[in-house]
Amino acid sequence: MLDMKRIRENPEEIRRGIANKNERDRLDELLAFDARRREIIVEVESLKNTRNTVSQEIARLKKAGEDASGRIAEMRRVSDRIATLDAELRETERGIESIAWHIPNMPHPSVPIGRSSAENVEVRRWLPDGVLGLTAAAEGLLDHMELGRRLGILDFERGAKVSGSGFPLYTGKGASLERALINFMLDLHIEHHGYTEVFPPFLVNSAAMRGTGQLPKMQEDMYRCADEDLYLIPTAEVPITNIYRDEILSADELPISLCGYSACFRREAGSYGKQTKGFLRVHQFNKVEMVKFTTPDASYEALETLVRDAEDVLRALRIPYRVILLCTGDMSFASSKTYDIEVWSPGESAWLEASSCSCFEDFQARRANIRFRPTPKSKPEFVHTLNGSGLATSRLMVSLLENNQTREGSVVVPEPLRPYTHFDTIG
RNA sequence: GGAGAGGUGGCAGAGUGGUUGAAUGCGGCGGUCUCGAAAACCGUUAUACCCGUUUCGGGUAUCGAGAGUUCGAAUCUCUCCCUCUCCGCCA
């Protein structure tokens, strides 16, 4: 959600932003609604002022035992007119909302302008020694599905039987490894990066979905309960960011850094034909999410820290990765600036997105109405929100299994995970 | 799922048709007092939107949400939502 005043005063700036984000431009329609809205307000509020004043007069007349029927008849006509105008005002505001909720966040000036992922910019990469397939020979390497099958740790067929394709089933040491990864990442962020852990609900209401920007635009991408106003979360960003919806925080509480585990559910409607095998694109996966609430002056510095916090996981596990700065056209609806972290998959000979770290400035805060008082006396302002995956396990698991496989077909568990798994190798 | 109670400002809590944006208390902020602090006392303290001669002034709305009755609704009526307690069921 953008500030209506900002749209009114800088329509061309907003128009550019919408175009750069490959979104539909309905600004002229919006501005017409906005002008009409203010026209109605001027008229209706002056009528209400009359009504309030005269109503008090009527009260005085009645108390004094005098006749007020003339004034009452007059006010009946005024009230009728008010009712008509109020109805039109509601209609106009509905029109404004139907457009305004679909206007994307504006990209930060540091974001490269581009139409697709081809114009994203690689910021840095980190490769441990002897990365398979990228700096060393790839022959004879197995991909994660083959490894999972041979080692008996992943069972995609039975997962599909139970739920459908895209619902992975982890078995034995695979399940333990998954759980170890989650706990390792949470502990790292809590103990070394200063986050407070939360364990959020996995179903949220529509107000929460609107708050972070999933609704109304992404309706088709989400699982929704038929009989209740509840959606399965596509990311823990939604419940965690909405923790402070409709609240006014005090400045000394900020920044707030939360992290939490959740399962994530995505319909991925319309993504058939893209990379869908194995773990590459699934309907349910696990993720540790980091969320920050900051003052407006601190948000972009916080974004850099957030990315580093996610990278630390990969460095500790010695997983090769690169950091990508997304161009305007590849960024999500709500984001001002996004870094993706991609891990190397020797099995696919491809980089896989395992994390997305974004600054939303006050876009989500406006929608979710999350504010803070800079000083105890000052007016509330919107906070800035950020979030990043730290990280999603499914593609991380792909990279972990494939990069740690031996020529004998077993997988070596990275040292930092062993206190959690209680085993060193699989197979 | 059944029965009951309740939703009012940052919090607690009055208020059952007419200067009630809302008593009172707590908290916050400013001040007096003090070497300083505490206590006490005094003052102040919601948010959003609209208009204008725009660090200021005026107006409108908001007492869970929506609709209705009325000249006028926190207050009366209806619908919905939420929270709590008890019972049932259940990990």
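In what follows, chains carry the letters A, B, and so on, assigned in the order in which the sequence lines appear, proteins first and then strands, with residues in each chain numbered from 1.
Residue A:S79 places no side-chain N or O under 4.0 Å from the OP1 or OP2 atom of B:U70.
Nucleotide B:G10 holds its C1' atom 12 Å from the CZ atom of A:R371, rounded to whole Å. Rounded to whole angstrom, the span from the CD1 atom of A:I248 across to the C1' atom of B:G28 amounts to 13 Å. For the pair A:N49 CG and B:U60 P, the computed distance is 4 Å after rounding to whole Å. Summarising the geometry, the separation between CG on A:D86 and P on B:A67 is reported as 10 Å, rounded to the nearest angstrom. Put simply, CG on A:N369 is 16 Å from C1' on B:A65, counting in whole angstrom units. Between A:R37 atom CZ and B:A48 atom C1' the separation is 10 Å, expressed in whole Å. Following rounding to the nearest Å, A:N52 (CG) and B:U62 (C1') show an atom-to-atom distance of 13 Å. Atom CD1 in A:I72 sits roughly 12 Å away from atom P in B:U70 (whole-Å rounding).
Side-chain contact between A:V111 and A:L326 is absent, with no heavy-atom pair separated by less than 4.5 Å. Counting heavy atoms from C-beta outward, A:E247 and A:R371 have side chains that stay 4.5 Å or more apart.
Using atom C1' as the reference point in both B:A74 and B:A46, the two lie 16 Å apart (nearest Å). With both ends at atom P, the span from B:G13 to B:U85 equals 15 Å, rounded to whole Å. Straight-line distance between the C1' atoms of B:G68 and B:G25: roughly 37 Å, to the nearest whole Å. Nucleotides B:G43 and B:U54 have their C1' atoms positioned 28 Å apart, rounded to a whole Å. Rounded to the nearest Å, the gap between the P atom of B:C29 and that of B:A67 is 40 Å. A distance of about 8 Å separates the C1' atoms of B:G17 and B:G72, rounded to the whole Å. On the P atoms, B:C84 is 29 Å away from B:C26, given to the nearest whole Å. Rounded to whole Å, the separation between the C1' atoms of B:U62 and B:U8 comes to 12 Å.
Annotation: of the two residues near RNA chain B, A:S46 and A:I41, the 5′-most nearest-nucleotide partner is A:I41. Toward the 5' end of RNA chain B, the nearer of the two residues A:R373 and A:R38, judged by each one's closest nucleotide, is A:R373.
Under the Watson-Crick and G-U wobble criteria, each requiring two contacts below 3.5 Å, nucleotide B:G68 is paired to B:C76. Under the Watson-Crick and G-U wobble criteria, each requiring two contacts below 3.5 Å, nucleotide B:C84 is paired to B:G4. For B:A46, the paired nucleotide is B:U62, the pair qualifying as Watson-Crick or G-U wobble because both relevant distances are below 3.5 Å. Summarising the base pairing, B:A12 is matched to B:U24 through a Watson-Crick or G-U wobble pair whose two defining distances lie under 3.5 Å. Searching all strands for a Watson-Crick or G-U wobble partner of B:G57 with both distances below 3.5 Å returns B:C51.
One finds a salt bridge joining A:E88 and A:R36 here, because a Lys/Arg side-chain nitrogen approaches an Asp/Glu carboxylate oxygen to under 4.0 Å.
Looking at the side chain of A:R90, the nearest of the listed nucleotides B:G18, B:C71, B:A67 is B:A67. Side-chain proximity of A:K379 to B:C50, B:A61, B:A48: nearest is B:A48.
Among the protein residues, A:R8 comes within range of the sugar-phosphate backbone only, with heavy atoms under 4.0 Å from sugar or phosphate atoms but none that close to a base. Counting non-hydrogen atoms under 4.0 angstrom, A:K62 reaches a base of the nucleic acid. Among the heavy atoms of the strands, none lies under 4.0 Å from A:R71.
Residue side chain A:E45 reaches the base of B:G59 through a donor-acceptor N/O pair under 3.5 Å, judged by distance alone.
Nearest heavy atom pair, residue A:V307 against residue A:I341, reads O-CD1, 4.0 Å. Heavy-atom minimum distance, A:V411 versus A:L401: CG2-O, 3.9 Å.
When the shell of 6.0 Å around CE of A:M145 is examined, it contains more than 12 heavy atoms from other residues, nucleotides or ligands. Residue A:R24 places its CZ atom among 12 or fewer non-hydrogen atoms of other residues, nucleotides or ligands, all under 6.0 Å distant.
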